[in-house]
Amino acid sequence: MVTLAHAKHIATLGCSNSGNLTGNSWPVILADRLNCTLTQYWSNGAGNEGINIEKFISLASTKPDAIFVSLTAIARFVVSLNTATLPKVDLGTDGNYYNNNMYYTINPDNNIGNLTRMGYKCSKETDQVLFTMIATDYNSEFKIFHTISTLMHIANSFDVPVYMFSWFDDIESQLLKKYPIWNKTFPYESYLFDNAEMLLRSTKFKPASCGHWYEDAHAYLVDTQLIPKLITRQTE
């Protein structure tokens with residue numbers, strides 16, 4: 001495993017909480033703390049599959065010293081849409097577009113309105129099917145373990161270290177207790193901590209009106225969670 005004290009380049013991936021919407025976010029601050037260059041990929045409203053798997057492969061192929069993944073809400077269900085024309089967008093911070101595909105995150109409500117605005121037909125029956133797809137134990141509990149295993153496999157294939165933490169959910173502390181069979185494959189050495197959102201809400205920091213966090217909260221997350229956990233993993 002690469003000693004990050006000597007790292008020159010890190011890459012990061014996540015949803016909008018890994019982008020700089022309200023000031024520098026944790027990827028920028030972490031790269032600054034490690035004195036590294038940064039490749040920062042993030043996607044608004046993204047789930048852990050679909051667009052993020054594609055972006056992870058792209059990041060791994062550049063062979064950074066490490067990739068850091070902020071796992072987003074595990075119940076988000078993302079589908080790829082066939083899109084004839086796409087806007088010109090930045091490679092990594094491109095919202096819901098990547099590699100000539102458009103991705104849509106199915107919501108508990110208003111899929112009809114969202115898809116209609118995007119130029120797609122969506123009936124009430126289709127909306128009900130979409131909701132049924134996300135309202136399952138597979139989607140909200142089991143799927144994340146397969147996704148984590150997939151990320152680890154890709155990282156190992158490229159011989160790139162990967163570190164993960166969960167932004168919204170208690171994957172290690174709750175789901176693993178509920179489903180101990182996943183202990184056999186869970187990458188404890190690469191998983192840093194659970195539920196960054198809850199950690200920040202328990203502090204003095206207040207989120208912006210959009211629900212994202214300001215730079216001081218991200219700095220707190222890096223200094224009290226990411227860096228200490230990294231040091232622990234590096235010395236284990």
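For this chain, numbers begin at 1 and follow the sequence in order. Atom set for the values below is all heavy atoms of this structure, side chains included, hydrogens, waters and symmetry mates excluded.
- Under the 4.5 Å side-chain contact rule for hydrophobic residues, Met152 and Tyr41 share a cluster.
- The two residues Ala11 and Leu59 come nearest to each other via the heavy atoms CB-CD2, 3.8 Å.
- Each of Tyr163, Tyr191, Trp167 was evaluated against Phe68; a single residue qualifies, Tyr163, per the ring-ring contact (aromatic ring centres under 6.0 Å, His included) test.
- Here Phe193 contributes atom CZ and Phe165 contributes atom CZ; the two are 4.5 Å apart, rounded to the nearest 0.5 Å.
- Side-chain N or O atoms of Ser123 include one that pairs as donor or acceptor with a backbone N or O of Thr126 at under 3.5 Å.
- Closest approach of Val160 to Ala60, counting heavy atoms only: CG2-O, 3.7 Å.
- Between Ala46 and Thr105, the shortest heavy-atom distance links the atoms CA-OG1, 4.0 Å.
- Taking the ring centroids of Tyr220 and Phe205, they lie under the 6.0 Å cut-off.
- Ring centroids of Tyr179 and Phe142 are separated by less than 6.0 Å, placing the two rings close together.
- Side-chain atoms of Thr116 and Lys121 form no donor-acceptor pair, as typed in the model, at a separation below 3.5 Å.
- Side chains of Asp194 and Ser173: a donor on one and an acceptor on the other come within 3.5 Å.
- Here His9 pairs with Thr37, Thr39, Thr62, Pro64, Asp65 under the side-chain contact (heavy atoms from CB on, under 4.5 Å) rule; sequence neighbours left out.
- Placement of Trp26 and Ile231 within a single hydrophobic cluster is found when ILVMFWY residues are connected by side-chain heavy-atom separations under 4.5 Å, directly or transitively.
- Put simply, the side chain of Ile144 reaches to within 4.5 Å of the side chain of Ile171, judged on heavy atoms.
- Taking each heavy atom of Gly211 and Glu197 in turn, the nearest pair found is O-OE2, 4.4 Å.
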Going by atom type alone, with no hydrogens or angles, which donor-acceptor pairs under 3.5 Å involve a side-chain atom of residues 47-54 and a protein atom two or more places apart or on another chain?
from  : atom 1 : to     : atom 2 : distance (Å)
Asn48 : OD1    : Thr72  : N      : 2.7
Asn48 : ND2    : Thr72  : O      : 3.1
Glu49 : OE1    : Lys143 : NZ     : 3.3
Glu49 : OE2    : Thr147 : OG1    : 2.5
Asn52 : ND2    : Gly47  : O      : 2.9
Glu54 : OE1    : Asn99  : ND2    : 2.9
Glu54 : OE2    : Tyr103 : OH     : 2.1

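- With 3.5 Å as the limit, one finds no donor-acceptor pair spanning the side chains of Trp213 and Thr22.
- Of the charged side-chain nitrogens involved, at least one lies within less than 4.0 Å of a carboxylate oxygen, so that Arg33 and Asp223 count as a salt-bridged pair.
- In this model, no donor atom of one side chain and acceptor atom of the other lie less than 3.5 Å apart for Glu215 and Asn20.
- With sequence neighbours left out, the ring-ring contact (aromatic ring centres under 6.0 Å, His included) criterion links Phe168 to no other residue.
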